[in-house]
Amino acid sequence: MAEKKEVQGSCESCEFYVYDDEMDMYVCDINLDEDEMQAYYASGSKRCAYYRFYDEYKTVQKQN
């Protein structure tokens, strides 16, 4: 599900923030089921509970 949300950090640093070629824009690419999405919208929170800092070096460290 491609939903854009306000996040606790910058969207650009979130691992779920990806470029969608079909939409020609960056989107939040986290898959939520219907209940999770409803709970998120009902909370009214401006903080994203799904925000994860993207660290490209984390993957490299695991390969060594």
Visitor: Measuring from Gln38:CD to Ser43:OG, what's the distance to the nearest 0.5 Å?
Guide: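 The distance works out to 11.5 Å.
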Visitor: Roughly how far, to the nearest 0.5 Å, is the OH atom of Tyr54 from the SG atom of Cys14?
Guide: 11.5 Å
Visitor: Which distance, rounded to the nearest 0.5 Å, do you find between the CG of Asn31 and the CD of Glu36?
Guide: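 Result: 9.5 Å between the selected atoms.
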Visitor: My understanding is that only one of Tyr50, Tyr17, Tyr40 makes a side chain to side chain contact (heavy atoms under 4.5 Å, CB included) with Ile30; could you say which?
Guide: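 Result: among Tyr50, Tyr17, Tyr40, Tyr50 is the only option passing the side chain to side chain contact (heavy atoms under 4.5 Å, CB included) with Ile30.
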Visitor: Looking at Tyr51 and Ser13, what are the two nearest heavy atoms and their distance?
Guide: OH-OG, 2.5 Å
Visitor: Quick one: SG on Cys11 to CZ on Phe16, what's the gap to the nearest 0.5 Å?
Guide: 12.5 Å
Visitor: For the pair Tyr26 and Tyr19, name the ring-plane relationship: parallel under 30°, tilted 30 to 60°, perpendicular over 60°.
Guide: perpendicular
